Amino acid sequence: MNAMPPTEAQDRPARLTVGVVGAGRVGPALAASLQLAGHRPVAVSGVSDASVRRAAALLPDVPLVTPAEVLARADLVLLTVPDDALADLVSGLAETGAVRPGQLLVHTSGRFGTAVLDPATRAGALPLALHPAMTFTGTSVDVQRLAGCSFGVTSPDELRMAAEALVIEMGGEPEWIAESARPLYHAALAIGANHLVTLVAQSMDLLRDAGVQAPDRMLGPLLGAALDNALRSGDAALTGPVARGDAGTVAAHIAELRRHAPQSVAGYVAMARTTADRALDHGLLKPELAEDLLDVLADSGDTPRPGSAPGAPAPGASGTPGADRDAPGPAGEADADAPDGGSDAPGHGPHDHGPDAPDHGPEGGDR
């Protein structure tokens, strides 16, 4: 149930014609949700076979046209392209005269506020940033998942009521995000949603290596309880060998990972150090136990001891220290799984761009 009261009639956007530029995972789902609220999708653009299939499934009978034609037909235009394609898309549309004064132009990127829409705003468009903090599949289930989904909302003050009304009509919960806070907001969703997928997938791989036949069944109840506890209690929910200061167990973990999955050591050590820091700050990890634990983590070869020169190998390290780099993920969630997206997150989140390659010209790419 929406926490906010129903919008009064005068606060609701009039029934609008809706267009989608970028028929990735997010755009068609949002347009379908707006259709359920009484708005009318009239045009969609996409650059891949997957986009065409998604548009046909979620927006049947809505014509597939060029981005410029989408803007010509629609009062409300959803720009659901990857984050890195958004600025060029907006500039291209404004330069070619496709933007109409009074047109609502909505992007769904978590990273950006409304400043990225400035070229269109100067042409008379009304700019909104509405980022759903949800991971998207590109199927009809996404429309149902929007019920109760938080949206990061940024807009000019005079458009705030319209922005919040659109979110509520899609079944979401508007959460106001200042323009300057958008990058931090999006980073938070990426950490929570995108990295969670990596951690869970890695855990399942290791369990399979350990001989577990159904790692998903084993992890489901455990991770569900851990997530629920974390959302309810924050750092107080920390448990396990790091929070207890069990340095011997952590050392054994690292040794086993080095033998069976060396690519996972850097991630384990980084998360263990962060967990130790938070457990110390929260009073869960006793300082006298933390010293041995931090020594184990520093001697792992993946993290320098406190006070050592940046980039210098830790004492006793073997091999070359390294850190896994995260590829840009769904965090855009504009047409992403995040959380972009989801979207994502994060997802985009929380935010991923799906199988469609972005086109950085004015036509944009699908998210």
Side-chain angles (χ1 to χ4, degrees), residues 3 110 133-135 148-150 152 173 175-178 181-204 206-207 218-254 257 264-300 302-307 323-324 326 329-331 338-340 342-351:
M134 177 55 63
T135 181
C149 168
S150 290
E173 300 283 351
E175 186 75 43
W176 187 256
I177 309 294
R182 294 289 291 208
L184 179 61
Y185 152 80
H186 195 231
L189 294 180
I191 289 171
N194 303 159
H195 298 176
L196 175 63
V197 174
T198 301
L199 289 171
V200 173
Q202 189 176 71
S203 181
M204 288 199 294
L206 293 171
L207 286 172
M218 177 175 283
L219 285 174
L222 173 64
L223 298 187
L227 177 59
D228 185 63
N229 290 341
L231 292 174
R232 292 173 184 271
S233 305
D235 288 323
L238 282 172
T239 185
V242 173
R244 291 193 299 268
D246 193 344
T249 298
V250 171
H253 287 176
I254 293 171
L257 292 175
S264 67
V265 171
Y268 179 97
V269 170
M271 289 303 299
R273 286 187 65 88
T274 301
T275 300
D277 289 343
R278 297 188 74 94
L280 268 170
D281 290 344
H282 203 72
L284 297 173
L285 176 59
K286 296 176 182 177
E288 60 270 24
L289 296 177
E291 186 173 353
D292 286 345
L293 175 66
L294 293 175
D295 280 345
V296 166
L297 295 173
D299 287 337
S300 70
D302 297 281
T303 313
R305 284 182 183 275
D324 295 335
D326 293 325
D340 81 18
S343 147
D344 86 219
H348 212 2
H351 189 157

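Note that the structure is predicted; figures quoted are calculated from it, not measured.
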Distance, nearest 0.5 Å, that separates [atom1] of [X] from [atom2] of [Y]:
X    : Y    : atom1 : atom2 : value
L189 : T135 : CG    : OG1   : 11.5 Å
L297 : D292 : CG    : CG    : 11.0 Å
R232 : L227 : CZ    : CG    : 10.5 Å

Which heavy atom of [X] sits nearest to which heavy atom of [Y], and what is that distance?
X    : Y    : result
Q202 : S264 : NE2-CB, 3.3 Å
L280 : K286 : CD2-C, 4.4 Å
A133 : Y185 : CB-OH, 4.5 Å
G148 : E173 : O-CG, 3.9 Å
A243 : A279 : CA-CB, 4.2 Å
G110 : R182 : O-NE, 3.4 Å

Problem set entry | Contacts of D235 that satisfy side-chain hydrogen bond (donor to acceptor under 3.5 Å, both in side chains) - sequence neighbours left out | R278
Exercise. So, does T274 use its side chain to make a donor-acceptor pair with the main chain of A270 at under 3.5 Å?
Worked result: yes
Problem set entry | Qualifying residue for side-chain contact (heavy atoms from CB on, under 4.5 Å) with L285, from L293, T275, D277, L238 | L293
Exercise. Would you say L196 and L223 make side-chain contact, with heavy atoms under 4.5 Å?
Worked result: no
